Amino acid sequence: MKKAVCILVLVGLWSCKDPNADGGDSGKLRVVTTTTMLTDLVQNIGGDSIVVEGLMGAGVDPHLYKASEGDVSKLFNADIIFYNGLHLEGKLVEVFEKMGAQQQKAVSLGDFLDKTELIGSEYFASNYDPHVWFNIQFFKQFAEKVTRTLSEAAPENAAYFTDNNKNFQKKLDVLEQNVKELISTLPEEKRILVTAHDAFNYFGKAYGFNVVGLQGISTATEAGVQEVQRLSQFIIDNKVKAIFIESSVPRRTIEALEAAVLDKNHEVSIGGSLYSDALGNAGTEEGTYIGMFTYNVSTIVNALK
Ligand SMILES: [Zn+2]
């Protein structure tokens, strides 16, 4: 009832707030994010002048994520919502659509990327592969857009956001340089990445890997027997040393593939678990975008060498 009144009466962009939900942070912008990658990004730009609430935690699969009642109330009480878009958060779109005028405060960061640079995909309603954060350049563009949006909403903090963005952009440049150096230590013919689902196409395109995902591009469809057979032959033909589990996808799909290769009397090992659609636990190195990216690349390079 309270929510309904709030929506009907206060349709203004920044005005629909629950006065009890501030928790001592009154006056600060309340920002809701979907994935852990975006939570980390927005925290880097907004610092302590905003309150960020991420809906999804570590190990959560955004393709399948459904909003809880608590989430819906967080969304309605937010000043700004940042989401990946491009149909990554497949089941949250319905919630955004029901928000009426409030929908204006929801920013789909993926929609601000140059579509001609995106990888097409028939699996998503957007017709694009949504796993864009695996190209660091795209993540940098997300940070620019977040900075502009926060600055418009809280002009008094614009200089602070701009400074934070500058620092973050520098760190992302260093990350990309490190990633390229690490990968350069791996011979080109060994740059083949076999994982549980196609989250790494942008990574492959940007940093020179041939990427093969077992499950198709969304985790909503499970790999069939035929697909496992086809891919196991590919692994043998290309002498792939290791394949990878993903933190947000059940490991049985990759284990089935490992078993199929071993059945054909060839060897392949599981090279480790990669972070694909979610970061590691908060408070750990892998709980940040930069730490996650570094961890993934070292794991891949060490296992394939
Ligand atoms: Zn995914």
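One-based numbering along the sequence shown. In listed order, ligands and their atoms are each counted from 1. What you are looking at is a predicted structure, and each value in this text was computed from that prediction instead of being measured.
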| the Zn ion (ligand 1) - closest N/O/S atom in D277 | OD2
| Is any N, O or S atom of D198 under 2.8 Å away from the Zn ion (ligand 1)? | no
| the Zn ion (ligand 1) to H131: nearest N/O/S atom name | NE2
Please list every donor-acceptor pair under 3.5 Å in which a side-chain atom of residues 205-212 meets a protein atom from a residue at least two apart or in another chain.
{"unit_1": "Y207", "atom_1": "OH", "unit_2": "I136", "atom_2": "N", "d": "3.1"}
{"unit_1": "Y207", "atom_1": "OH", "unit_2": "E176", "atom_2": "OE2", "d": "2.6"}

| remark: Which of L88, T34, L55 passes side chain to side chain contact (heavy atoms under 4.5 Å, CB included) with Y65? It is L55
| task | Determine, for K140 against D173, whether the closest basic-nitrogen to carboxylate-oxygen distance falls under 4.0 angstrom. | result | yes
| request: Among the N/O/S atoms of H63, select the one at the shortest distance from the Zn ion (ligand 1) and name it. | output: NE2
Which pairs would a plain distance check flag for residues 113-120, meaning a side-chain donor or acceptor within less than 3.5 Å of a matching protein atom at least two apart in sequence or in another chain?
{"unit_1": "D114", "atom_1": "OD1", "unit_2": "T116", "atom_2": "N", "d": "2.9"}
{"unit_1": "D114", "atom_1": "OD1", "unit_2": "T116", "atom_2": "OG1", "d": "2.8"}
{"unit_1": "D114", "atom_1": "OD2", "unit_2": "T116", "atom_2": "OG1", "d": "3.1"}

